[in-house]
Undergrad: 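Quick one: the structure is below, questions incoming.
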Amino acid sequence: MKATKPKVAQTKNTAKINALAIDVRSVDLTEINTPALVVNLFRGVKKPGGATAAVDKALDGAITRLIEDGEIKGSTGESTLIHTFGKIKPERVLVLGLGPQDKFDVQVIRRVSAEVVRFLRRKGISSAATIAHGAGIGGLDPALSGQAIAEGAYLGLYKFSTYLTKNEDSANEFQSLTVVESNPAKAKSIVSGIDLGSAVARAAITARNMVNEPANQMTPSNMALAAQKVAAEQKLGIEILDNAQMKKMGMGAFMGVAQGTDEPAKLIILRYDGDPSNPENNLGLIGKGITFDTGGISLKPPGGMEAMKGDMAGGASVIAAMEIIGHTKPKINVLGVIAATENMPGASAQRPGDVVRAMNGKTIEVINTDAEGRLVLADALCYARDQGITKLVDVATLTGAIVTTLGKACTGIMGNDDALVQQTIDAGKKTGEKFWELPMFDEYKDLIKSDVADMKNSGGRQAGSISAAMLLAEFVDGASWVHLDIAGTSTSEKVTGYLVKGATGVPVRTLAQLAEDLAAITEAQKSGIIGK
Ligand code: BES
Ligand code: MN
Ligand code: ZN
C-alpha cells in the first residue's frame with residue numbers, strides 16, 4: 001500500500017461530557033494512530049465500498065474474506081474486531097454493521113454509534129477513531145452524521161453511578177472518539193454537528209439524571225435548583241412560585257395535591273425570549289413534576305412503587321428542553337412551566353370526594369387522589385394561558401393505561417389541533433422519538449362527568465389515557481394544545497441502542513426540535529414561502 005502523506009491535522013477538541021471527548025481530524029484513515037478504527041458495512045454487501053474498501057485493501061482483503069466466510073453480515077450494530085498486526089497504523093479495525101441500506105437514517109447512526117462505543121468499553125478499549133457513517137457514499141449531510149454520532153455515543157455510554165461507592169469499571173471508561181474526515185469542508189460540518197449533538201445529549205442527560213435521582217434527593221426544591229442552574233447557564237429567565245403565591249393565584253387543583261406533603265411545592269417558570277417583538281410567536285412547554293407519587297390517600301400498592309421517583313420526568317424534560325433551546329436560540333418565545341410537588345398521604349392530604357377549584361374557576365371532584373398529575377397540570381396550563389401562551393405542549397407520566405396501550409416503544413400523543421399534533425410527530429421523526437396518536441372524540445367527555453363538580457379526576461377503567469387528556473383539555477381555553485403521555489417511554493427496562501436501563505431522556509430532544517421547527521415554519525410563513 002502506498003503511504004499517503006497525512007494531511008494537516010485539525011485536533012480541535014469539539015466536545016466533552018463526563019469521560020468522553022469527541023474530536024475531528026483530517027488525516028488518512030490508514031495513517032491514524034488509534035487502538036481501533038471503526039469502518040462500516042450495510043447488510044448483505046459482499047464487496048465493501050468507500051472507506052471500508054480502502055481499509056480492506058490495506059488489509060489484503062481481510063474484510064472481504066470475513067464477509068465471504070459469513071462472519072460479517074452487516075446487521076445493525078454487529079461489531080467485528082480485526083487485528084492489523086502493523087499492516088496499517090490503527091491497531092485494530094472494527095467493522096460496524098449498519099443494517100439494510102434502505103432502512104439507513106440518522107436514527108440508525110445514533111443506535112450503532114452507541115452500540116460500538118459500549119462494545120469497545122466492554123473490551124477495555126478506551127479510545128477509537130471512526131469514519132462519519134453515512135457522510136461518504138451514503139450521501140447524508142455530514143453535520144447530521146456528526147450530530148448523530150455524538151448523541152449516540154454520549155447517550156449510549158451514560159451511567160447513573162452517583163450512589164455506587166465502589167465504581168469497579170471507572171478505570172475502564174471510554175474516553176476518546178476521533179471522527180476522521182479527509183475533506184476539510186465536510187470535516188467542518190462534522191465539527192458543527194458534533195457541537196450540536198453534544199449540547200443535545202448533555203441536555204438529555206440532565207433529564208436522565210433528574211429522573212434517576214431518588215425522591216429524597218430530587219425534591220421539588222431541588223428541581224427548582226436544577227432549573228436555576230440551567231437558567232444561569234443558558235441565560236434564561238426564571239421565576240419560582242411557592243405555595244402561598246400559588247394559593248393566592250387560585251391554583252386549588254395543584255394545591256390540593258401539594259397539601260398532603262410537608263415538602264414545599266414549586267411552580268418553576270423558565271422563559272426564553274427568542275422573538276420578543278412578536279409575543280404571538282410562542283410555545284409553552286408544561287411539565288408534570290411529581291417528585292414522588294405514592295398515590296396519596298388512594299395509596300398505590302407497594303410492588304414497584306419505587307418507580308414513582310420518576311413521576312417528574314415530564315418536568316425534567318421541559319427543563320432539559322429549555323437547556324437546548326437556550327443553546328440553539330430558535331426565533332420563538334418559549335415558556336417552560338413545571339408543576340413540582342410530592343403526592344403524599346400526609347395528615348392534611350386531600351380526600352377522595354374533595355372538590356377543588358382550578359385557577360380558571362372550574363371545579364374538579366377528586367375521585368382518586370392517585371390521579372394527581374392532571375390536577376397539577378390543570379393549574380400549570382391555566383398559568384401558561386394567563387401568560388399569553390397560545391401553543392401548549394404538556395409532558396407527563398400521566399397514566400399506567402398508556403403503558404398497557406402502547407408499551408414502551410412510543411409516547412402517546414393527543415391534542416385539539418391536528419397541525420400541532422403532526423408537527424410534534426414530525427419533530428419526533430427527526431429525533432428518532434416515536435409518537436402515536438389516540439383519539440379525543442367528544443364521546444369520551446362523558447367519562448369524566450361528575451354529579452357534584454364540573455368534572456371528576458378519574459374516568460374509571462375505560463380509555464384511561466384519553467379520559468385523563470379530556471380533563472386537561474378543559475384547561476387550555478381555546479389554545480392549540482398537545483398532550484404527551486410519557487409514562488411508558490420516560491424509562492427503559494433494558495439496554496438498547498442509545499438507551500440504557502432507567503431514565504431515557506424522552507422526549508427532550510423532540511421538544512427542542514419542535515421549537516426549532518415551529519420557529520422555521522413561522523419564518524417561512526412571514527416570507528410567503530408557505531401559507532398560514
Ligand atoms: N404517575 C402515575 C402514572 C404512571 C403509572 C406513571 C405507571 C408511570 C408508570 C399517575 O399519577 C397515576 O397514578 N395514574 C393513575 C390514574 C388513575 C388513578 C385514574 C393510573 O394510571 O392508574
Ligand atoms: Mn398517581
Ligand atoms: Zn403520578
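Note that ligands are numbered from 1 as they come in the structure, with each ligand's atoms numbered from 1 the same way. By convention here, the first residue in the shown sequence is residue 1.
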Undergrad: Do Ala487 and ligand 1 have an N or O pair less than 3.5 Å apart?
TA: no
Undergrad: Is the shortest side-chain N to carboxylate O distance from Asp454 to Lys362 below 4.0 Å?
TA: no
Undergrad: So, for atom 1 (N) of ligand 1, does the protein have a heavy atom nearer than 4.0 Å?
TA: yes
Undergrad: Report yes or no: does Asp293 have an N/O/S atom closer than 2.8 Å to the Mn ion (ligand 2)?
TA: yes
Undergrad: Run through Lys456, Lys445, Arg374, Arg385 and flag the one making a salt bridge (charged side-chain N to carboxylate O under 4.0 Å, His left out) with Glu474.
TA: Lys445
Undergrad: Compute whether any side-chain donor of one residue and acceptor of the other, for Asn212 and Tyr158, lie under 3.5 angstrom apart.
TA: yes
Undergrad: Using a 4.0 Å heavy-atom cut-off, which part of Asp370 comes near ligand 1: side chain, backbone, both, or neither?
TA: both
Undergrad: Verify whether one side chain among Arg110 and Gln147 offers a donor that lies under 3.5 Å from an acceptor in the other.
TA: no
Undergrad: With the threshold set at under 4.0 angstrom, would you say Ser458 reaches ligand 1 through any of its heavy atoms?
TA: yes
Undergrad: Students should be able to answer this: which protein heavy-atom is nearest to atom 18 (C) of ligand 1, and at what distance?
TA: Asn368 ND2, 3.3 Å
Undergrad: Using a strict cut-off of less than 4.0 Å between a Lys/Arg side-chain nitrogen and an Asp/Glu carboxylate oxygen, indicate whether Lys229 and Glu233 qualify as a salt bridge.
TA: yes
Undergrad: Under 4.0 Å from a heavy atom of Glu372: give me the atoms of ligand 1 that qualify, with their elements.
TA: 11 (O)
Undergrad: Is the shortest side-chain heavy-atom distance between Ser490 and Val506 below 4.5 Å?
TA: no
Undergrad: Distance alone, cut at 3.5 Å: any donor-acceptor contact between the side chains of Asn209 and Glu213?
TA: no
Undergrad: Who's the nearest protein heavy-atom neighbour of atom 21 (O) of ligand 1, and how far?
TA: Gly400 N, 2.7 Å
Undergrad: What atoms of ligand 1 come closer than 4.0 angstrom to any heavy atom of Thr399?
TA: 3 (C), 21 (O)
Undergrad: Counting backbone and side chain alike, does Asp370 bring an N/O/S atom below 2.8 Å of the Zn ion (ligand 3)?
TA: no
Undergrad: Is the shortest distance from a Lys or Arg side-chain nitrogen in Lys300 or Asp370 to a carboxylate oxygen in the other one below 4.0 Å?
TA: yes
Undergrad: Going by atom types only, do Gln422 and Asp418 share a side-chain donor-acceptor pair under 3.5 Å?
TA: no
Undergrad: Lys300 to ligand 1: N or O pair under 3.5 Å?
TA: yes
Undergrad: When you compare ligand 1 with Asp293, is there at least one nitrogen or oxygen pair between them that comes in under 3.5 angstrom?
TA: yes
Undergrad: Flag the pair Leu241 / Lys266 as yes when at least one side-chain heavy-atom distance between them is below 4.5 Å, and no otherwise.
TA: no
Undergrad: Under 4.5 Å between any side-chain heavy atoms of Pro507 and Thr489, yes or no?
TA: no
Undergrad: Considering only heavy atoms, does Leu398 approach ligand 1 within less than 4.0 Å through its side chain, its backbone, both, or neither?
TA: backbone
Undergrad: To the nearest 10°, what's the angle at the Zn ion (ligand 3) between atoms OE2 (Glu372) and OD2 (Asp293)?
TA: 90°
Undergrad: Could you grab the angle centred on the Mn ion (ligand 2), going from OE1 in Glu372 to OD1 in Asp370, to 10°?
TA: 120°
Undergrad: Only to 10 degrees, please: what angle do the OD2 atom of Asp311 and the NZ atom of Lys288 make about the Zn ion (ligand 3)?
TA: 90°
Undergrad: From the options Met308, Arg374, Lys456, Lys288, select the one whose nearest heavy atom is closest to atom 16 (C) of ligand 1.
TA: Arg374
